Peer 1: 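Quick one: this structure, given as structure tokens, is what I'll be asking you about.
Not measured: the values here are computed from a predicted model.
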Amino acid sequence: MLRFLAVRFGRALLTVALVVTFAFVVLRLSGDPATLILGPEVPPEAIRAFRESWGLDEPLWRQYLSYFGAIASGDLGNSMRDGRPAIELVADRIPATLALTVPALLLKIGIGIPAGVYAAMHRGGPIDRTVMMVAVAGFTVPSFVLGLLLVMLFSVQLGWLPSGGRDTWLHAVLPIVTMGVGGAAILARFTRSAMIEVLGQPYIRTASAKGVPWGAVIRGHALPNAAIPTVTIVGFMVGSLIAGAVVVESVFSWPGVGRLLVVAVSNRDLAVVQTILLLVAATMVTANLIVDLLYGALDPRMRRGAGQGAH
């Protein structure tokens, strides 16, 4: 088990390092922050002074080493716009993002998993076809299109809900629904497929032939064995909570981390962008690590496989 944990933790650290490196290189090759922040009409002396003050005049490899050294010491840098620590700017936005993403995740799980299970238990029937038709529609419609359609219907036409901002809990309804629909559709499809595969296994037929009530067969045998692929999708959704909020927060003018990322990228505010990307990478890696641990608990053979692969 220790070897299993060591392998997974090592992969997690490597993934974070690769993401940070990729973000560092791409951001510095995408344009000069000094020109964008100060403006094109600023004298060259001011541009040089700005670049020197932020270390942008140094070779790329030296900036890279300095950045990783700063991360190791817990310093994620300051915003080039207002000089505040980047971690403070991001931390201020996290509660707003969680106010959307956590309810959206619960909505995905609360609708997607029961719908997938119910569709699998009625495979081939009208309920199954209806659930899958709705799931395909929810999966294929982009979130920004769905968000705009919801605004047109519930805000413009009916006037029931606000179209943007964060003043009351009503402002969160449309963003939460927008984020939750697509994920619920994905969960419904994967849960249905997993349940259909499990229901076709011999041990399910054996338990049913022994007179075990069908509900007990589903709860005691089918659901636990169908949990692994479902856990995979849920883990991915947990890991992508912040990344998935970028589009929705922009559509609904929600002041969260996702919208901050869009603004920081357009302004080439390097420290803020890097901090958000580091947060996203750490969240996804942590979620994947937890999923791996759940795999090990659900199927001990995976622990043995990881241990053998480490030799």
Side-chain angles (χ1 to χ4, degrees), residues 93-122 127-128 130-155 158 160-195 223 226-259 279-280 283-284 286-288 290-291 294:
R93 301 292 189 100
I94 289 178
T97 296
L98 292 179
L100 293 185
T101 54
V102 173
L105 178 64
L106 296 177
L107 182 65
K108 297 173 187 178
I109 296 173
I111 295 178
I113 293 179
V117 171
Y118 201 69
M121 294 174 62
H122 299 82
I127 294 177
D128 181 27
T130 301
V131 170
M132 286 301 98
M133 181 179 64
V134 174
V136 170
F139 174 74
T140 54
V141 176
S143 58
F144 71 91
V145 174
L146 178 60
L148 293 176
L149 290 176
L150 292 177
V151 168
M152 290 294 296
L153 176 60
F154 293 101
S155 299
L158 299 176
W160 291 353
L161 296 169
S163 60
R166 192 199 172 195
D167 294 330
T168 67
W169 66 270
L170 290 174
H171 290 78
V173 173
L174 292 183
I176 290 172
V177 172
T178 302
M179 296 180 67
V181 166
I186 295 173
L187 267 179
R189 295 187 65 185
F190 273 87
T191 302
R192 175 184 179 272
S193 299
M195 281 293 295
L223 288 177
I228 289 182
T230 304
V231 165
T232 303
I233 301 302
V234 172
F236 175 79
M237 290 178 176
V238 172
S240 60
L241 286 178
I242 297 176
V246 173
V247 174
V248 174
E249 290 184 357
S250 298
V251 170
F252 292 97
S253 300
W254 189 266
V257 176
R259 192 177 178 201
L279 175 63
V280 171
T283 303
M284 298 190 73
T286 301
N288 289 333
I290 293 174
V291 168
L294 290 176

Peer 1: Sort out for me which residue in Leu153, Val151, Val145 forms a side-chain contact (heavy atoms from CB on, under 4.5 Å) with Leu149.
Peer 2: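 For Leu149, the side-chain contact (heavy atoms from CB on, under 4.5 Å) test succeeds with only one of Leu153, Val151, Val145, which is Val145.
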
Peer 1: What's the shortest heavy-atom distance between Ala96 and Gly256, and which atoms?
Peer 2: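 Looking at all heavy atoms of both residues, the shortest contact is CB-CA, 4.0 Å.
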
Peer 1: Begin with the C-alpha distance, continue with both residues' side-chain angles, and end with the deciding distance and a verdict on side chain to side chain contact (heavy atoms under 4.5 Å, CB included) for Arg192 and Asp128.
Peer 2: CA-CA 9 Å; Arg192 175 184 179 272; Asp128 181 27; 2.6 Å; yes

Peer 1: Tell me whether the count of non-hydrogen atoms from other residues, nucleotides or ligands lying under 6.0 Å of CZ in Arg93 goes above 12.
Peer 2: yes

Peer 1: Please find the pair of heavy atoms, one from Arg166 and one from Pro255, that lie closest to each other, and give the distance.
Peer 2: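 Answer, listing the atom of Arg166 first, then Pro255: CB-CD, 3.8 Å.
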
Peer 1: Heavy atoms only: give me the nearest Leu107-Val177 pair and the separation to one decimal.
Peer 2: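 For Leu107 and Val177, the tightest heavy-atom pair comes out as CD2-CA, 4.2 Å.
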
Peer 1: When you compare the side chain of Thr178 with that of Val251, does any pair of heavy atoms fall below 4.5 Å?
Peer 2: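 Side chain of Val251 against side chain of Thr178, heavy atoms only: no contact under 4.5 Å found.
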
Peer 1: Calculate, to the nearest 0.5 Å, the distance between atoms CD1 and CD1 belonging to Ile111 and Ile113 respectively.
Peer 2: 11.5 Å

Peer 1: Hey, is the main chain of Gly165 close enough, under 3.5 Å, to the side chain of Ser253 for a donor-acceptor pair?
Peer 2: no

Peer 1: As an exercise, state the distance from CZ of Phe252 to CG of Leu161, rounded to the nearest 0.5 Å.
Peer 2: 9.5 Å

Peer 1: Taking all non-hydrogen atoms of both residues into account, name the closest pair between Leu98 and Pro103 and its distance.
Peer 2: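 That would be O-CD, 3.5 Å.
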
Peer 1: Distance check, rounded to the nearest 0.5 Å: Leu100 atom CG versus Leu105 atom CG?
Peer 2: 12.5 Å

Peer 1: Roughly how far, to the nearest 0.5 Å, is CG of Leu148 from OG of Ser163?
Peer 2: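 Those atoms lie 10.5 Å apart.
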
Peer 1: Are Ile94 and Leu279 packed together at the side-chain level, in the sense that at least one heavy-atom pair is separated by less than 4.5 angstrom?
Peer 2: yes

Peer 1: Of Asp167, Leu174, Val173, which is the lone residue that meets side-chain contact (heavy atoms from CB on, under 4.5 Å) with His171?
Peer 2: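 Exactly one pass, corresponding to Asp167.
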
Peer 1: Would a 4.5 Å heavy-atom cut-off, applied to side chains only, mark Leu170 and Trp160 as touching?
Peer 2: no

Peer 1: Is Thr191 reaching over with its side chain to a backbone N or O of Ala188, donor-acceptor style, under 3.5 angstrom?
Peer 2: no

Peer 1: Would you check if Glu249 and Pro175 make a side-chain contact, meaning some heavy-atom pair closer than 4.5 Å?
Peer 2: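 Glu249 does not reach Pro175 side chain to side chain.
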
Peer 1: To the nearest 0.5 Å, how far apart are OG1 in Thr101 and NZ in Lys108?
Peer 2: 8.5 Å

Peer 1: Considering only heavy atoms from C-beta outward, does the side chain of Met237 approach that of Ile186 to under 4.5 Å?
Peer 2: yes

Peer 1: If I take atom OG1 from residue Thr97 and atom CH2 from residue Trp254, how far apart are they, to the nearest 0.5 angstrom?
Peer 2: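 Result: 9.0 Å between the selected atoms.
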
